[in-house]
Amino acid sequence: MALVAGVDSSTQSCKVVVRDADTGALVRQGRATHPTGTEVHPSAWWDALQTAIADAGGLDDVAAVSVAAQQHGMVTLDEAGEVVRPALLWNDTRSAGAAAELTTELGGPDKWADAVGSVLVASLTVTKLRWLATNEPESAARTAAVCLPHDWLTWKLSGSTSLDALTTDRSDVSGTGYWSPSTEDYRPDLLELALGKVVALPRVVGPADLVGGRFGAGAGDNAAAALGVQAQPGDVVVSIGTSGTAFARWPNPVTDGTGTVNGFADAEGGHLPLVATLNASRILTATASVLGVDLADLSDLALSAPAGADGLVFVPYLEGERTPNKPDSTGALHGMRLDTMTPGHLARAAVEGLLCSLADAIDALRALGMPVERVLLIGGGARMPAVRQLAPAVFGCPVLVPSPSEYVADGAARQAAWAVGGADTPPLWSDLASTSVEAEPTPWVRERYAAARDLTVNR
Ligand SMILES: Nc1ncnc2c1ncn2[C@@H]1O[C@H](COP(=O)(O)OP(=O)(O)O)[C@@H](O)[C@H]1O
Ligand SMILES: O=C(CO)[C@@H](O)[C@H](O)COP(=O)(O)O
């Protein structure tokens, strides 16, 4: 029995799974936590990976390992391969001004969408490079190479210290803002526009390539999740992690000049139009903390209140927001009355606010012509019964909830199995165990949310 391993180095933690390469059966797994904050030294990811690997019983017996990770994080390396400064993560909004500058300099949002598949917001790596050039010119001057979290971890695992050995994959590089999903080429001119110079970039390897004899190409975490749930055309995957995302596999590059949908590539040679929000599972943890309850009690409270929380609306922009692009926004509570000031109403409004923002994301994919035949709900937040139960009511369609698993790490493991097997397509692993959840649609919940979501103030 050949074994493969998959890693998910995500925002809040690192997870490692070891699976049977032929059947996909889970053999062992491990995890470790990441530091909080939106600026993290990559060595913390490396330490967490070592802990998670040890927790998973080591990787000596696996044929291949693939690393998937949070997207967009800016990892800067000097000539010697040393990290120049802590990475700015996807949810760090300090480069919002840089995004606006670069947008103007290229001639507007459509120009960026055409060039790199996405309209610029602070999440994209290229905006972080402009921020670096403007605010830390000494660090920018020392920077000899730029890569992403999964590129750096794969390189470190390989033991290499040469910048020439850095590799990435289509799915993750498509979120940098200096690679075109249409031509599948880097745009060094855009890198130079941002950073003031061209630096070394990872070589983009194919989805099923093996690097250094033992490492898969790796992927952005959402593309890996699509591999992990074995997403098919017509499926929309909704993930509730630190970020909220909705994405679908699609054969052609997608551009959306409004900036709602990112035209990313996937990890199978196709494309992955994706909507991402800055606020998702932490809406739940923050609300539980305010109420002084745990997540299980928050779920019970939410289910104890009526649909629509009697008009209480929670606009969940607690960390600013990326979609819609409101980096300086704060969240808001609307509809506060004596009778809606109860823990149950607040819990309900938090869950519904989260789901309404994701329903908007699904609608944006639909508006670009993506079929929504099945909605698959994954990520840590999908473990909450209230989220699972209310999702079909808010989304207005049945929702498939795959049984809890680390789908990003699973997808990375499936990629590793693909690389080892050498077939044209990833191996078909056994069908997901999942539950279909249905509920009577509650369109008024979304109408009320739509009326409130623009009523926010900035920090
Ligand atoms: N039962 C649960 N109910 C609600 N939220 C949960 C539950 N279990 C985990 N979470 C939340 O899910 C998040 C982690 O999910 P995950 O998908 O691993 O995120 P990420 O990939 O961003 O690190 C945490 O914020 C955690 O609080
Ligand atoms: O920025 C994006 C997608 O564009 C996020 O989805 C990150 O990739 C972080 O993912 P999680 O840690 O929340 O899973």
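Ligands are counted one by one from 1 in listed order, and the atoms in each one are counted from 1 as well. Predicted model, so just to flag it, every value in this text is computed and none were measured.
When each atom of ligand 2 is checked for a heavy atom of T245 under 4.0 Å away, the hits are 6 (O). Atoms of ligand 1 lying under 4.0 Å from at least one heavy atom of M384, given by number and element, are 3 (N), 4 (C). Distances below 4.0 Å separate heavy atoms of G379 from the following atoms of ligand 1: 17 (O). Atom numbering of ligand 2 starts at 1 in the shown order; those under 4.0 Å from a heavy atom of D221 are 7 (C), 8 (O), 9 (C), 10 (O), 11 (P), 12 (O), 14 (O). Which parts of ligand 1 touch T11 is read off a 4.0 Å heavy-atom cut-off, strictly below it: atoms 22 (O), 23 (O). Near F264, meaning under 4.0 Å from any of its heavy atoms, are these atoms of ligand 2: 4 (O). For ligand 2 and S243, the ligand atoms under 4.0 Å from any heavy atom of the residue are 5 (C), 6 (O), 9 (C), 10 (O), 11 (P), 13 (O). Close approach of ligand 2 to T11 (heavy-atom distance below 4.0 Å) involves ligand atoms 9 (C), 11 (P), 12 (O), 13 (O). The contact set between ligand 2 and H72, taken as ligand atoms under 4.0 Å from a residue heavy atom, comprises 1 (O), 2 (C), 3 (C), 4 (O).
Protein heavy atom closest to atom 22 (O) of ligand 1, with residue, atom name and distance, is T242 OG1, 2.5 Å. Scanning the protein for heavy atoms near atom 20 (P) of ligand 1, the closest one is S10 OG, 3.4 Å. Looking only at heavy atoms of the protein, atom 1 (N) of ligand 1 is closest to R383 CB, 3.5 Å. Protein heavy atom nearest atom 8 (N) of ligand 1, with residue, atom name and distance: G380 O, 3.6 Å.
Here's the thing with Q70: none of its N/O atoms is less than 3.5 angstrom from an N/O atom of ligand 2. Considering both main-chain and side-chain atoms, S281 comes within under 3.5 Å of ligand 1 through a nitrogen or oxygen pair.
Considering every non-hydrogen atom in both S95 and T127, the closest pair reads OG-OG1, 2.9 Å.
At a heavy-atom cutoff of 4.0 Å, ligand 2 is contacted by the side chain of N222 but not by its backbone. Residue-level proximity to ligand 1 for K15 is carried by the side chain, the only part with a heavy atom below 4.0 angstrom.
Protein heavy atoms are found inside the 4.0 Å sphere centred on atom 6 (C) of ligand 1.
Which of T285, I378, V387, I240 comes nearest to atom 27 (O) of ligand 1 through a heavy atom is settled by distance: it is T285.
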